[in-house]
Amino acid sequence: MPTPDETFAPEDDIPIGYMARTRAYYAALGFETPYRWAHHLDAPFTPLGKPLAECTLALVTTAAPYQPDKGEQGPGAPYNGSAKFLSVYSGPSDEMPDLRISHIAYDRDHTSAADIGTYLPLRQLQLAAERGRIGRVAPRFHGLPTNRSHRATTEADAPELLARIRQDGADAAILVPNCPVCHQCVALAARHLEAAGIPTVVMGCAKDIVEHAGAPRFLFSDFPLGNSAGKPGDLDSQACTLELALRLLEAAPGPRTTLGSPLRWSVDPSWKRDYSSIEKLAPDEIARRRAEFDRQKRAAKALA
């Protein structure tokens with residue numbers, strides 16, 4: 001008979017603590033004041049008012065429109081502060097847009113953002129509409145800025161997002177983040193939408209951040225950041241992930257409901273050790289990253 005140690009899951013096969021991991025990372029880079037993550041104990045909640053097959057669904061992303069004049073933004077591109085966007089934008093949902101996530105801190109060690117289906121479930125939503133699982137996709141998708149300011153998100157970005165979703169006649173919204181701060185932004189936006197009567201579900205990979213912020217409904221996929229909508233090159237994974245989000249939208253019993261996807265990134269969970277793992281970096285690499293971070297921060301600030 002196997003011993004308990006032989007039947008237990010590996011010790012690091014648990015969701016990554018992104019808040020603690022990023023706090024330690026930036027402290028090692030020399031930033032003395034730790035970032036304060038948004039925290040709510042309660043959450044607003046709006047039940048779905050009619051069958052999903054009769055609903056119009058809005059899609060919200062934190063991915064950025066490709067800007068050819070802003071430097072490298074393709075799959076595997078390094079962090080590019082120049083490619084950020086600073087206000088809510090919208091685009092037609094009847095065609096596949098050219099969106100990139102090179103401006104944010106997705107997990108570049110274990111994914112490359114080569115498959116837009118991993119961070120923008122638009123095609124899967126279109127297929128859901130074609131087979132009658134949902135009524136229709138709203139005429140526009142919307143981009144929500146990755147904003148470190150809680151106030152800017154709650155007082156400017158979220159109200160603008162709500163106004164656009166209402167203009168589109170959407171009955172509910174799916175929000176899909178990528179980086180750690182993206183997860184906070186969409187959780188805050190989801191709270192604002194729910195308080196205004198729009199049911200939401202967040203599809204994400206940073207469990208601690210979304211739950212800390214108090215999202216109404218959250219589908220958690222234990223994948224590297226940048227894969228909130230499923231695994232790259234795996235349409236079954238992407239379809240399954242969206243279906244789980246739709247079921248949660250329909251069946252969540254109340255606020256702060258988290259559903260964990262049963263899908264696994266790999267049998268070996270060792271990938272979870274790598275994200276912003278400061279103990280793996282030599283002092284000269286830490287200094288290089290601090291200089292690069294400052295450079296990118298200046299580039300992003302120049303856009304404001």
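We're numbering straight along the sequence, starting at 1. Not measured: the values here are computed from a predicted model.
Within the 4.5 Å cutoff, no side-chain heavy atoms of P65 are placed close to those of D98. Side-chain contact between T146 and C179 is present, with heavy atoms from C-beta onward closer than 4.5 Å. Side-chain contact between C55 and I134: absent, with no pair of heavy atoms (C-beta onward) separated by less than 4.5 Å. Proximity of P121 to T241: side-chain heavy atoms (C-beta onward) are nowhere separated by under 4.5 Å. Within the 4.5 Å cutoff, the side chain of P15 has no heavy atoms near those of the D208 side chain. For the pair F45/T200, no side-chain contact is recorded, criterion being any heavy-atom separation below 4.5 Å from C-beta on. With contacts defined as side-chain heavy-atom distances shorter than 4.5 Å, the pair R123/L235 does not qualify. Residues T257 and P216 have side chains not in contact (no heavy-atom distance under 4.5 Å, counting atoms from C-beta outward).
The aromatic rings of F220 and F218 lie tilted to each other, with the angle between the two planes from 30° to 60°. Ring geometry for H103 against F85 counts as tilted: the plane angle lies between 30° and 60°, on a 0 to 90° scale.
The two residues L161 and A189 come nearest to each other via the heavy atoms CD2-CB, 4.0 Å. In terms of heavy atoms, F223 sits closest to C205 at O-CB, 3.4 Å.
One distance of note links CG of D107 with OG of S112; it measures 11.0 Å at 0.5 Å rounding. Note: D171 CG to L52 CG = 9.5 Å, rounded to the nearest 0.5 Å. Note that CZ of R166 and CD1 of I198 are 6.0 Å apart. Values are rounded to the nearest 0.5 Å. Rounding to the nearest 0.5 Å places CG of L263 at 6.5 Å from OG of S221. With rounding to the nearest 0.5 angstrom, the CH2 atom of W271 is 7.5 Å from the CH2 atom of W265. Annotation: the span from E72 atom CD to S102 atom OG amounts to 8.0 Å, rounded to 0.5 Å.
In the hydrophobic clustering of ILVMFWY residues, with side-chain heavy atoms under 4.5 Å counting as a link, L225 and W37 come out together. Tracing side-chain contacts under 4.5 Å through hydrophobic residues (I, L, V, M, F, W, Y), one reaches V201 starting from V176; they form part of the same cluster. By the criterion of side-chain heavy atoms lying less than 4.5 angstrom apart, applied directly or through intervening Ile, Leu, Val, Met, Phe, Trp or Tyr residues, L219 is grouped together with L48 in one hydrophobic cluster. Taken together through direct or relayed side-chain contacts under 4.5 Å among Ile, Leu, Val, Met, Phe, Trp and Tyr, L125 and L248 form part of one hydrophobic cluster. Cluster membership for V60 and I174, using ILVMFWY side-chain heavy atoms within less than 4.5 angstrom, is not shared.
For E160 and Y89, the side-chain atoms include no donor-acceptor pair closer than 3.5 Å. Side chains of T62 and N178: a donor on one and an acceptor on the other come within 3.5 Å. Remark: the R164 side chain and the S90 side chain contain an N/O donor-acceptor pair separated by less than 3.5 Å. The closest side-chain donor-acceptor pair between S270 and D268 falls under 3.5 angstrom. Residues T56 and R136 have side chains that bring a donor and an acceptor to within less than 3.5 angstrom of each other.
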Show, in sequence, the C-alpha distance, side-chain angles and deciding distance for Q238 and D115, and conclude whether the side-chain hydrogen bond (donor to acceptor under 3.5 Å, both in side chains) test is met. CA-CA 11 Å; Q238 295 168 21; D115 182 356; 2.9 Å; yes
From CA spacing to verdict: side-chain contact (heavy atoms from CB on, under 4.5 Å), V186, L144: CA-CA 8 Å; V186 300; L144 182 74; 4.0 Å; yes
Using side-chain hydrogen bond (donor to acceptor under 3.5 Å, both in side chains), reason through D168 and H142 one step at a time and then give a plain yes or no. CA-CA 11 Å; D168 292 344; H142 306 288; 2.9 Å; yes
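Residue-environment remark: CZ (R151) stays at or below the threshold of 12 foreign heavy atoms within 6.0 Å.
Taking the six-membered ring wherever Trp is involved, the centroid distance between the rings of Y106 and Y119 does not fall below 6.0 Å.
In summary, of the residues considered (M19, Q184, R23), a side chain to side chain contact (heavy atoms under 4.5 Å, CB included) with Y35 occurs for Q184 alone. Shown are K207, K231, R264, K272; of these, the salt bridge (Lys or Arg N to Asp or Glu O under 4.0 Å) with D222 is made only by K272.
Of the possible donor and acceptor atoms, one in the side chain of R256 sits under 3.5 Å from a partner among the backbone N and O of E211.
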